[in-house]
Number of protein chains: 2
Amino acid sequence: MMADMEKKKNTIVDVARKLNVSTSTVSRALNGHHSISERTKLKVRKVAAELNYSPNNVAASLRRGKVNSIGVILPRINSTFMSNCIFGIESVTYPAGYNLIISCSNEDYKKEVQSIAALKASQVSGIILSLSNETKKTAHLSNIISQNIPLVMFDRIAELLNVDSVVNDDTKITVQAIEHLHAMGFRKIAIFSSPTHIYVYKNRMKGYLEALSSLGLTLNHNWIIENIQTKEQAQHSAEILFKAKDKPDAVFCTSDTIALGVIQTLKKLGIQIPQEVGVIGYSNDTFSELIQPTLTSIEQYPQEMGVNAAKLMLDIIGDKNWSMQVHKQIHIKPRLIIRDSSNRLLTE
Amino acid sequence: MMADMEKKKNTIVDVARKLNVSTSTVSRALNGHHSISERTKLKVRKVAAELNYSPNNVAASLRRGKVNSIGVILPRINSTFMSNCIFGIESVTYPAGYNLIISCSNEDYKKEVQSIAALKASQVSGIILSLSNETKKTAHLSNIISQNIPLVMFDRIAELLNVDSVVNDDTKITVQAIEHLHAMGFRKIAIFSSPTHIYVYKNRMKGYLEALSSLGLTLNHNWIIENIQTKEQAQHSAEILFKAKDKPDAVFCTSDTIALGVIQTLKKLGIQIPQEVGVIGYSNDTFSELIQPTLTSIEQYPQEMGVNAAKLMLDIIGDKNWSMQVHKQIHIKPRLIIRDSSNRLLTE
DNA sequence: CTGTTAGCGCTTTCAG
DNA sequence: CTGAAAGCGCTAACAG
């Protein structure tokens with residue numbers, strides 16, 4: 001009978017045996033320890049290669065009590081914004097020698113909690129997180145903080161939690177956007193917003209209200225549409241709003257997708273953009289400069305956000321007392337990109 | 001002097017001690033082993049919760065010789081196509097209890113090789129991969145296959161490697177696209193392609209050539225533009241081509257971004273689409289139905305590709321002899337989505 | 001510069 | 001149904 005080809009993987013023990021040295025020497029040589037002679041290092045590396053040796057990080061991590069991976073939990077993964085954030089994160093963590101374990105909460109609170117548990121079990125060095133829509137409790141986060149697992153939040157943060165974070169200056173840029181509409185002669189400005197219990201939308205709403213007040217514009221509660229999540233909902237609400245008596249003359253939208261829905265409805269109703277109604281979106285999706293009319297929007301620099309979140313994480317890792325310290329909040333400055341959908345000067 | 005609050009994490013040893021049982025019992029209880037009485041299980045779980053016990057998967061993995069994570073290597077991460085693939089993969093691997101370790105080769109061969117090594121060191125259960133642009137050698141892949149590490153490739157596969165894979169029927173759908181152009185009366189069909197050493201572009205080129213031949217259209221080598229990678233390159237090449245004497249009357253593009261570049265140049269040159277020139281893109285990006293004219297394109301169902309790649313992976317994992325077997329290739333059927341940019345019927 | 005030794009936290013035979 | 005004991009592969013005191 002043929003014996004099974006027991007392709008047992010070679011370990012440092014095999015390398016050590018072949019060279020007649022101790023496993024410590026092999027371990028040290030492979031890790032570039034300074035107290036090993038160049039000659040030995042060369043020999044070890046040679047034999048390791050011959051034996052097709054591949055290190056076992058699981059064993060090393062267990063021994064070291066430290067894992068070289070960082071967990072990332074996102075509400076979505078297939079969005080331009082989020083995938084660019086990941087891209088930014090990866091560009092920092094990879095050169096630093098970390099793996100990225102990514103999981104997607106799918107805007108589901110329960111899955112967020114489970115993902116946290118899974119990452120904890122994996123002994124990740126830290127967790128970078130943006131909250132799901134549904135997350136209203138944050139016990140799962142306090143829990144990991146209390147266990148000294150580094151946590152960095154970005155974009156959708158939990159305000160009451162004292163952690164390092166990266167956010168946009170949503171309020172300020174929204175004020176700027178409303179001021180821009182005002183400067184273009186729009187006076188009856190509506191807002192189409194996603195749910196305002198979420199940090200970023202809350203701040204956009206805040207900016208809207210602040211700007212209206214400081215510009216002396218009257219606030220019409222019928223023009224404040226909240227809880228819009230999809231293009232279809234935006235279309236629906238726009239249809240109702242623009243068929244009513246008391247129509248606004250501009251709409252500030254908290255996402256480009258919402259803005260797209262509004263634009264499609266306005267077109268359908270034969271309303272001219274921006275002559276009759278101005279529209280502003282948020283996040284500068286690829287399509288915003290490609291649609292008709294081109295859409296005024298707000299660039300958020302998601303990659304930059306990811307880069308900063310990752311840098312923050314690397315700073316924290318290894319700092320035993322990070323949870324005791326004053327936490328940093330990095331503000332990314334968004335930019336208003338003025339295009340045709342709000343630019344009345346073009347047509348006057 | 002205050003003693004440091006040694007917040008040493010509790011392990012099963014602590015749980016066992018508190019209950020006066022053995023660690024084996026705790027381990028078994030926590031893992032729902034059948035030979036443990038319900039009463040014990042309850043007690044163990046209760047104490048584990050009290051002690052805020054969190055399992056250490058690193059130790060468990062080392063002992064089991066098996067890690068609950070799957071590695072994914074992609075050429076890009078911030079593209080609609082790839083992020084949707086990840087989304088599909090995650091939707092299968094998460095419920096199955098796997099972590100996803102994602103790394104991005106950035107179209108760089110070296111980084112692809114390094115990522116493979118890193119994932120190997122992490123002892124991942126398997127690797128799902130789509131090749132970088134630059135990858136021409138596949139020794140790094142043969143290597144992991146020979147070590148019985150499950151490998152699934154998708155989209156950009158290495159043809160000569162005998163592994164499970166998920167691909168589009170690029171050739172067939174391209175033939176269909178060209179036939180569509182022919183049916184619309186276009187006869188002088190050019191192709192703007194990304195580098196054809198890459199599997200998917202090679203097949204699109206193949207489809208183009210096959211279709212031309214079977215439709216009896218003459219092949220003009222000046223109309224075969226290869227190595228286009230960016231919108232700018234597409235614009236540049238289109239400008240040259242459409243200022244030349246011998247102009248095509250349609251352009252098949254291997255991506256929507258290329259098509260966008262072509263359309264922008266045609267507009268600039270005052271050439272009517274589709275009356276004078278028809279354009280087809282590939283991958284049905286969000287913007288394709290939003291631009292003017294709306295762009296005929298090919299939907300590839302990236303999420304579906306991810307789902308299938310992940311399922312294939314789960315099938316393979318644990319199957320000791322997978323590398324000996326005949327490998328499956330799953331073909332995802334793309335769909336031609338006809339819009340204005342190729343639809344002459346609209347205007348005749 | 002190198003070797004000896006003791007575990008990291010968990011699972012899993014084997015033995016009751 | 002439960003316990004004792006061994007050990008996964010590696011690293012890091014400690015000791016020369």
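Chain naming here is simple, since letters A, B, ... match the order of the sequence lines and numbering starts at 1 in each.
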Tell me if the side-chain of A/S27 makes a donor-acceptor pair with the base of D/dA12, cut-off 3.5 Å, by modelled atom types.
no
Nearest-nucleotide pick for A/S24, side chain only, options being C/dT5, D/dC10, C/dT11:
C/dT5
Could you check how far OH of A/Y53 sits from P of D/dG9, rounded to whole Å?
10 Å
Can a donor-acceptor pair be found, under 3.5 Å and without considering hydrogens, that links the side chain of A/E90 to the backbone of B/C104?
yes
Between atom NE2 in B/H33 and atom C1' in C/dC10, what is the gap in whole Å?
14 Å
Nucleotide C/dC10, atom C1' - distance to CG of B/N57 in whole Å:
10 Å
Where is the tightest heavy-atom contact between B/Q329 and B/S165, given as atom of each residue plus distance?
NE2-OG, 2.9 Å
Could you give the CG-to-C1' distance, from B/L30 to C/dG9, as a whole number of Å?
13 Å
Rounded interatomic separation in angstrom, taking CD1 from B/I12 and P from C/dC8
12 Å
When you measure from the side chain of A/L62, which nucleotide among D/dC10, C/dC10, D/dG9 comes out closest?
D/dG9
Classify B/V58 by what it touches in the nucleic acid, base, sugar-phosphate, or nothing, heavy-atom distance under 4.0 Å.
nothing
Are OP1 or OP2 of C/dT11 and a side-chain N or O of B/N31 less than 4.0 angstrom apart?
yes
Examine the side chains of B/Q147 and B/K120 and answer whether a donor and an acceptor come within less than 3.5 Å of each other.
yes
For B/S22 and B/R64, take the nucleotide of DNA chain D holding the closest heavy atom to each; which residue's nucleotide lies nearer the 5' end?
B/S22
Using OP1 and OP2 only, check whether a side-chain N or O of B/S37 sits under 4.0 Å from D/dT2.
yes
Treating A/N56 as the side-chain partner and A/A59 as the backbone partner, does any N or O pair qualify as donor plus acceptor under 3.5 Å?
yes
Hey, does the side chain of B/T25 reach the backbone of B/V21 with a donor-acceptor pair shorter than 3.5 angstrom?
no
Within the structure, does a side-chain N or O atom of B/S35 lie under 4.0 Å from either OP1 or OP2 of D/dC1?
no
When B/V26 and B/R63 are each assigned the nearest nucleotide of DNA chain D, the 5'-most assignment goes to B/V26
In whole Å, what is the span from the CG atom of A/D14 to the P atom of D/dG9?
9 Å
Could you tell me the separation between the CZ atom of A/R17 and the P atom of C/dG3, rounded to a whole number of Å?
15 Å
Rounded to the nearest angstrom, tell me the gap between atom NZ in A/K66 and atom P in C/dG9.
16 Å
Under-4.0 Å side-chain N/O to phosphate OP1/OP2 contact, B/T11 with C/dC8
no
C/dG3 base / A/R28 side chain donor-acceptor hit below 3.5 Å:
yes
Is there a side-chain polar atom (N or O) of A/T25 under 4.0 Å from OP1 or OP2 of C/dG3?
yes
Reckon B/T40 has a side-chain N or O less than 4.0 Å from the OP1 or OP2 of D/dT2?
yes
Closer than 3.5 angstrom, by distance alone: can the side chain of B/K311 be matched with the main-chain N or O of B/G306 as a donor-acceptor pair?
no
